[in-house]
Amino acid sequence: MKTRLACLSNKSDSYTDFTEFLPPAQDRTTRCLKLTKEEVIRWADSFDVLLSHKYGLAAFRAFLKTEFSDENIEFWMACEEYKKIKTPAKLVTKANKIYNEFIDVKAPREVNIDFRTREVTRQSLEEPTPSSLNEVQARVHSLMEKDSYPRFLRSKIYQDLLKTQYTHCQRNSV
C-alpha cells in the first residue's frame with residue numbers, strides 16, 4: 001500500500017527534473033536560441049502568452065503531468081491540430097479519435113465538462129467541421145486558465161525557471 005501511495009507524493013512542489021521540457025544542452029553546434037528570463041516572466045502576463053510559447057507550453061504540460069491532470073492540455077492541443085485539418089475524411093477520423101479519447105463519458109482521458117457541452121459536442125461531431133470543437137475547447141481553456149494556470153505560476157517548476165536562463169542549440173542544416 002505504501003508503494004502505491006508513493007507515486008501520489010510526486011506533486012509539482014517536489015518535482016526536480018525539469019529537463020524533459022527544456023531545450024537540450026549544447027552539443028557542439030553553431031546556431032543557438034535562448035530561453036530568456038524575460039520570456040519566462042512574460043508567461044505570467046496571460047495564459048494565452050504561455051500557450052503560444054513553445055517552451056511555455058512544454059513547461060505547463062510538464063507541470064500538469066506532475067499533478068496527474070495533463071488530459072486538459074493534451075485535449076486543447078488535439079483541438080488546435082484538428083482546426084488545421086483541411087480534408088473532410090481526415091476531419092471525421094480526427095474528430096472520432098478526440099471524442100473517444102477525451103469527450104466520451106467512458107474516455108480513458110476524459111476532460112471535465114458539463115453534460116450540455118458534452119451533448120452539443122457529440123451532436124456537432126456527427127457532421128464535423130473545423131469549428132466543431134470550438135465550444136468544448138473554450139470550456140477546457142477557461143478551466144485551465146482559472147484553475148491550473150495560477151497553480152503553475154506558483155509552482156516550483158515556474159519559480160525555478162524564473163531563476164535560470166537556458167540556451168538551446170541546434171545544428172545548422174547542410
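Heads up: numbering here begins at 1 and tracks the sequence.
By the 4.5 Å heavy-atom criterion applied to side chains, Glu80 and Leu51 are not counted as neighbours. Between His53 and Leu35, some side-chain heavy-atom pair lies under the 4.5 Å cut-off.
Other residues, nucleotides and ligands contribute more than 12 heavy atoms inside 6.0 Å of the CD atom of Gln159.
Taking CG from Asn134 and OG1 from Thr121, the interatomic distance works out to 10.0 Å, rounded to the nearest 0.5 Å. Taken from OG in Ser148 to CD in Glu67, the straight-line distance is 6.5 Å, to the nearest 0.5 Å. Interatomic distance, His141 NE2 to Asn72 CG, rounded to the nearest 0.5 Å: 11.5 Å.
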Inset, instruction - Please lay out, stage by stage, how Glu135 and Arg116 fare under the test salt bridge (charged side-chain N to carboxylate O under 4.0 Å, His left out). - result: CA-CA 11 Å; Glu135 182 180 346; Arg116 190 201 68 76; 2.4 Å; yes

Inset, instruction - Test Phe75 against Arg109 for side-chain contact (heavy atoms from CB on, under 4.5 Å), laying out the working first. - result: CA-CA 9 Å; Phe75 169 74; Arg109 304 182 76 199; over 6 Å; no

Inset, instruction - May I have the step-by-step check of side-chain contact (heavy atoms from CB on, under 4.5 Å) for Thr36 and Ile41, ending in yes or no? - result: CA-CA 9 Å; Thr36 65; Ile41 290 170; over 6 Å; no

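A salt bridge links Glu81 and Lys84; the closest N-O separation between the charged side-chain nitrogens and carboxylate oxygens is under 4.0 Å. Note on Arg118 versus Glu110: salt bridge recorded, some NZ/NE/NH1/NH2 to OD/OE distance being below 4.0 Å.
Between Ala78 and Lys94 the shortest heavy-atom distance is O-CE, 4.0 Å. Closest approach of Gly56 and Leu50 over heavy atoms only: O-CD1, 3.4 Å. Of all heavy-atom pairs between Asn100 and Pro108, the closest is O-CD, 3.4 Å. Scanning both residues, Pro130 and Lys83, for their nearest heavy atoms gives O-CG, 3.7 Å.
For Glu71, there are no salt bridge (charged side-chain N to carboxylate O under 4.0 Å, His left out) partners at least two apart in sequence or on another chain. Qualifying side-chain contact (heavy atoms from CB on, under 4.5 Å) partners for Tyr99, counting only residues two or more places apart in sequence or in other chains: Ile103, Asp104, Arg122, Leu125. Listed by chain and residue number, nothing satisfies the salt bridge (charged side-chain N to carboxylate O under 4.0 Å, His left out) test with Lys90 (two or more places apart in sequence, or in another chain). Under the rule for a side-chain hydrogen bond (donor to acceptor under 3.5 Å, both in side chains), the partners of Thr117 that lie at least two apart in sequence or sit in another chain are Asp114, Arg139. With sequence neighbours excluded, no residue forms a side-chain hydrogen bond (donor to acceptor under 3.5 Å, both in side chains) with Glu145. Residues that satisfy the ring pair (Phe, Tyr, Trp, His ring centres under 6.0 Å) test with Phe152, not counting sequence neighbours, are Phe60, Phe63, Tyr158.
Val49 and Leu153 are assigned to two separate hydrophobic clusters, defined by single-linkage of ILVMFWY side chains at heavy-atom distances under 4.5 Å. Residues Ile98 and Val92 do not share a hydrophobic cluster, clusters being chains of Ile/Leu/Val/Met/Phe/Trp/Tyr side chains in contact below 4.5 Å. Val120 and Val136 are members of different hydrophobic clusters when ILVMFWY side chains are connected at heavy-atom separations under 4.5 Å.
Looking at Thr129 and Ser132, their side chains do bring a donor and an acceptor atom within 3.5 Å of each other.
Asp147 places no side-chain N or O within 3.5 Å of a backbone atom of Leu143 that could act as its donor or acceptor partner.
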